[in-house]
Amino acid sequence: MTRRVYLDHNASTPVHPEVVAAMLPYFSEIYGNPSSVHGFGRDARSAVDAARERVAGFLRVRADELVFTSGGTESDNFGLKGLALARGRGHVITSTIEHHAVLRSAQALEAQGFAVTYLPVDQYGMVDPDAVRRALRPDTIAISIMHANSEVGTVQPVRAIGAIAREAGVPFHVDAVQTFGKVDIDVDAMGIDALSFSSHKVYGPKGIAGLYIRRGTKMVSIQHGGEHERRRRAGTENVPGIVGLGAAVEVRARDMKAEAERVSALRDRMWEGIRARVPDVRLNGHPTERLPGTANLSYRNVESESIVLGLDLKGIAVSAGSACTAGSVEPSHVLVAMGVPLDWAMGAVRSSLGRSTTADDVDYVVASVAEVVAKVRKAMPVPAA
Ligand SMILES: Cc1ncc(COP(=O)(O)O)c(C=O)c1O
């Protein structure tokens with residue numbers, strides 16, 4: 001059987017066995033609707049409340065500042081549209097390298113008459129806090145900047161941006177889907193008023209995520225119906241999912257720090273190994289301010305899809321650009337925004353390591369990448385002199 005190595009943890013992760021165990025009773029034993037007043041309902045309600053306390057403790061926020069949602073995408077829609085629509089009209093600041101959940105929400109707001117500034121980034125994919133300051137207008141009503149980019153892993157200076165937002169009195173939304181449970185987040189020190197986070201990137205189940213909303217922040221709901229989540233998000237709660245998210249944060253609180261160190265070392269070992277064996281390769285993203293497990297490498301004049309498919313034949317899972325846009329032949333909007341030249345941008349391959357990755361896996365990947373890239377390059381037509 002072919003060996004299998006999963007290096008696509010930024011796309012999704014396997015559910016941790018402790019999380020699976022915590023969730024199981026909530027499918028068939030404790031199945032009541034948390035809104036029901038009877039005992040079955042009350043049991044489900046207690047589980048939801050306990051999980052909410054756990055997540056709140058992990059984020060060092062109040063339990064009533066959390067709203068559970070169906071995913072990072074919903075949280076981003078809720079965070080950005082919720083802040084903007086609560087203010088009726090005005091100007092929003094975001095960046096060109098946001099996830100499409102934020103970018104397309106911003107575009108939807110533009111279609112409704114809001115003005116949006118999309119800030120550029122530098123060659124490392126970093127937003128300049130001074131650019132945020134310069135973009136402020138008297139009618140600016142929201143700032144939304146991601147914590148870390150999913151494709152290249154660059155961690156943004158959110159603390160400095162949060163300080164500017166605070167000073168200006170503008171609410172600050174942060175898409176922390178890629179940092180939640182991987183990097184420390186302090187919403188007070190970072191001046192964050194709304195924070196999107198998701199469960200399936202950190203060994204929790206899919207279909208459950210959340211939005212932190214600082215107490216007192218004016219925000220409207222985008223999903224209407226019953227009185228759930230203190231009338232902020234209608235719909236029967238995903239009880240097993242919420243329990244799973246609660247269990248996942250417990251595991252993260254315990255394992256996060258050591259895992260980040262281990263995974264960063266493996267990521268660097270992989271980059272060093274590939275750099276030593278493959279010509280014409282570069283690292284995209286910030287050299288140090290980067291997610292622990294993320295390495296986005298470009299192979300010049302090679303199509304990334306050929307490498308992804310070649311590695312897939314060897315049982316290795318990596319991604320060409322972000323998982324959400326894979327299949328499209330356009331270079332990634334993130335690499336374009338960073339000014340990565342086209343002959344490099346088209347050959348970008350993201351590896352995202354995780355808790356199960358071993359040094360042995362990394363060595364297998366290095367050898368396989370060297371082989372696949374050499375083969376693809378050999379098969380390519382020789383460029384005209
Ligand atoms: C930065 C970022 N924001 C939002 C999302 C969307 O999250 P979800 O897949 O939970 O909808 C992702 C997923 O890749 C992401 O990386």
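Order of appearance sets the numbers: ligands from 1, and atoms from 1 within every ligand.
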- prompt: For the side chain of Glu229 and the backbone of Phe68, is there at least one donor-acceptor N/O pair under 3.5 Å apart?
  reply: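 A pair under 3.5 Å: yes.
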
N/O donor-acceptor pair under 3.5 Å between Arg232 side chain and Val67 backbone: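 Absent.
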
query: Considering distance alone, does some N or O of Gly72 sit under 3.5 Å from an N or O of ligand 1?
result: yes

field: From Leu83, Val116, Thr140, residue fulfilling side chain to side chain contact (heavy atoms under 4.5 Å, CB included) relative to Val92
entry: Val116

Ligand 1 versus [X], non-hydrogen atoms closer than 4.0 Å: side chain, backbone, both, neither?
X      : answer
Asn149 : neither
Lys201 : side chain
Glu74  : neither
Thr73  : both

Against heavy atoms of [X], which atoms of ligand 1 measure under 4.0 Å?
X      : answer
His200 : 8 (P), 9 (O), 10 (O)
Ser150 : 16 (O)
Met146 : 1 (C)
Asp76  : 3 (N), 4 (C)

field: Six-ring centre of Tyr364, Arg3 cation under 6.0 angstrom, axis tolerance 45°
entry: yes

- request: Specify whether Phe180 and Phe58 have parallel, tilted or perpendicular ring planes, treating 30° as the upper limit for parallel and 60° as the lower limit for perpendicular.
  value: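 It falls in the perpendicular class, over 60°.
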
message: What I want to check is whether the side chains of Asn10 and Thr294 have a donor and an acceptor closer together than 3.5 Å.
response: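 Asn10 vs Thr294: donor-acceptor pair found between side chains.
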
field: Any donor-acceptor N or O pair under 3.5 Å, side chains His200, Thr13
entry: no

message: Please confirm whether Glu98 approaches ligand 1 to less than 4.0 Å, judged on its heavy atoms.
response: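 Not so, Glu98 does not reach ligand 1.
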
